[in-house]
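Here the structure is laid out as structure tokens; the discussion comes afterwards.
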Amino acid sequence: MSSVTSELVVMEATRFQHTPYYCEENVYLLCKTLCENGVADATGSDLFVVFISNEKKQVPLWHQKASRRADGIVLWDYHVICVQRKKESDSEPLVWDLDSTLPFPSPLTSYVAETIQPSFQLYAEYQRFFRVVHAPLFFKHFASDRRHMKEPDGSWTAQPPPYEPIVAQDGILHNLSEYIAMSGADTLSSLDPETVRTAISQKLGVVVSHTQLQDLFTKLP
């Protein structure tokens, strides 16, 4: 086991900024911190932000801290995690999920098995889709003014983070809805390297199904 891997295994999620119900901002700051402390490449080239959702905005995930059940299941409208894949390494991609009760980080294979539980038979409307966005592009384009967390009267559905909202480099104030909008029609029909390379270079990355997710990370440039 390498020294870097050893460090990752013992990391505590409490070392990172976390505001309940603001997973997209939590992951944005998580990725920034991983870049700054040397766990990830300084530019974030080995990091990918993964949005999990579907058309009905009802995605079941297991082993979540917010759950009140023994199996840790939560029906999120969407969820966001970070996956780290080192280009020049044979090590398995790692999942950083600040809302998970699993080891932090967790190998992608075990995270999928425990959190996604692909063998569990779900009704079609609960199928999960995954938008994978390269972190350098996410840093550049993502924005959220937190409007989705406000009631019609302007009150908050959940207390916002103490820092200022994230603004995109081009001045855009809010585009979270673009990242969480996904359906089966958006998924890649092929994971051939050229298709993946083209898709992952786009602002909104690539959308895949749960059956394609692990394979995708072996095809990324």
Side-chain angles (χ1 to χ4, degrees), residues 11-35 39-40 44 47-69 72-84 93-106 108 111-112 114-117 126 128-135 137-151 156-168 173-182 203-208 210 213:
M11 274 201 172
E12 295 290 337
T14 53
R15 292 172 55 181
F16 298 87
Q17 172 77 39
H18 179 268
T19 305
Y21 306 109
Y22 290 84
C23 56
E24 63 284 348
E25 295 191 40
N26 294 335
V27 169
Y28 181 97
L29 296 179
L30 165 72
C31 290
K32 288 282 190 179
T33 301
L34 293 177
C35 294
V39 174
L47 299 178
F48 297 85
V49 176
V50 181
F51 288 79
I52 310 170
S53 193
N54 58 24
E55 288 181 276
K56 288 188 174 294
K57 301 296 185 289
Q58 294 184 324
V59 288
L61 299 176
W62 281 259
H63 298 283
Q64 297 290 290
K65 294 175 182 176
S67 177
R68 297 181 180 179
R69 291 171 43 128
I73 193 170
V74 168
L75 194 66
W76 293 118
D77 51 349
Y78 67 93
H79 189 48
V80 190
I81 60 176
C82 168
V83 177
Q84 182 177 24
L94 296 169
V95 176
W96 301 82
D97 182 354
L98 288 164
D99 294 289
S100 175
T101 59
L102 297 175
F104 184 79
S106 287
L108 179 60
Y111 183 87
V112 168
E114 297 291 335
T115 302
I116 309 303
Q117 299 209 12
Y126 295 116
R128 284 71 45 97
F129 300 105
F130 304 80
R131 183 181 298 281
V132 181
V133 182
H134 201 196
L137 293 172
F138 187 65
F139 294 153
K140 180 179 181 180
H141 296 292
F142 177 72
S144 174
D145 62 9
R146 303 166 182 163
R147 68 182 65 176
H148 64 295
M149 298 300 289
K150 284 188 174 181
E151 300 284 8
W156 294 103
T157 59
Q159 191 63 29
Y163 52 84
E164 291 298 311
I166 297 168
V167 179
L173 299 179
H174 190 83
N175 55 21
L176 173 62
S177 57
E178 296 179 34
Y179 289 89
I180 62 177
M182 64 189 90
K203 166 189 168 182
L204 295 176
V206 54
V207 178
V208 294
H210 75 270
L213 181 63

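The basis for the numbers below is simple: all heavy atoms, side chains too, and nothing from hydrogens, waters or symmetry mates. Bear in mind the structure is a predicted one, so any value in this text is a computation, not a measurement.
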Handout entry: Partner residues of F16 under the ring pair (Phe, Tyr, Trp, His ring centres under 6.0 Å) criterion, sequence neighbours left out
Key = F104
Handout entry: Modelled atom types, side-chain donor and acceptor of D97 and H63, under 3.5 Å
Key = no
Exercise for the section: Assess the side chains of Q64 and W76: does a donor N or O sit below 3.5 Å from an acceptor N or O? Expected result: yes
Practice task
Verify the ring-centre separation between Y78 and F51: is it less than 6.0 angstrom?
Solution key: no
Exercise for the section: Identify, with sequence neighbours excluded, every residue that meets ring pair (Phe, Tyr, Trp, His ring centres under 6.0 Å) alongside H134. Expected result: F48
Practice task
Starting at OG of S53, measure out to CG of D77 and round the result to the nearest 0.5 Å.
Solution key: 6.5 Å
Fill in the blank from the handout: Here the pair of heavy atoms bringing F142 nearest to I166 is O-CG2, 3.7 Å
Exercise for the section: Scan residues 137-146 for pairs that pass salt bridge (charged side-chain N to carboxylate O under 4.0 Å, His left out), counting only residues two or more places apart or in two chains. Expected result: E25-R146, D145-R147
Practice task
Answer yes or no: is there a donor N or O on one side and an acceptor on the other, between the side chain of Q84 and the main chain of V39, under 3.5 Å?
Solution key: yes
Fill in the blank from the handout: Smallest heavy-atom separation, F139 atom then K32 atom, equals CD2-CE, 3.7 Å
Problem - R128 versus F130, closest heavy-atom pair with distance - result: O-CE1, 3.6 Å
Problem - Side-chain touch H148/I180, heavy atoms, less than 4.5 angstrom - result: no
Practice task
Indicate yes or no for a side-chain donor-acceptor contact from Y28 to the backbone of F138 under 3.5 Å, with no hydrogens or angles considered.
Solution key: no
Exercise for the section: Looking only at non-hydrogen atoms, find the nearest pair between A158 and P20 and report the distance. Expected result: CB-O, 4.4 Å
Problem - Closest non-hydrogen atom pair between V27 and I81, with its separation - result: CG1-O, 3.8 Å
Handout entry: Under 3.5 Å donor-acceptor, S106 side chain and P103 backbone
Key = yes
Handout entry: Minimum-distance pair of heavy atoms, taken over all atoms of C31 and C82
Key = SG-SG, 3.7 Å
Problem - Under 3.5 Å side-chain donor-acceptor pair for N54 and Y126 - result: no
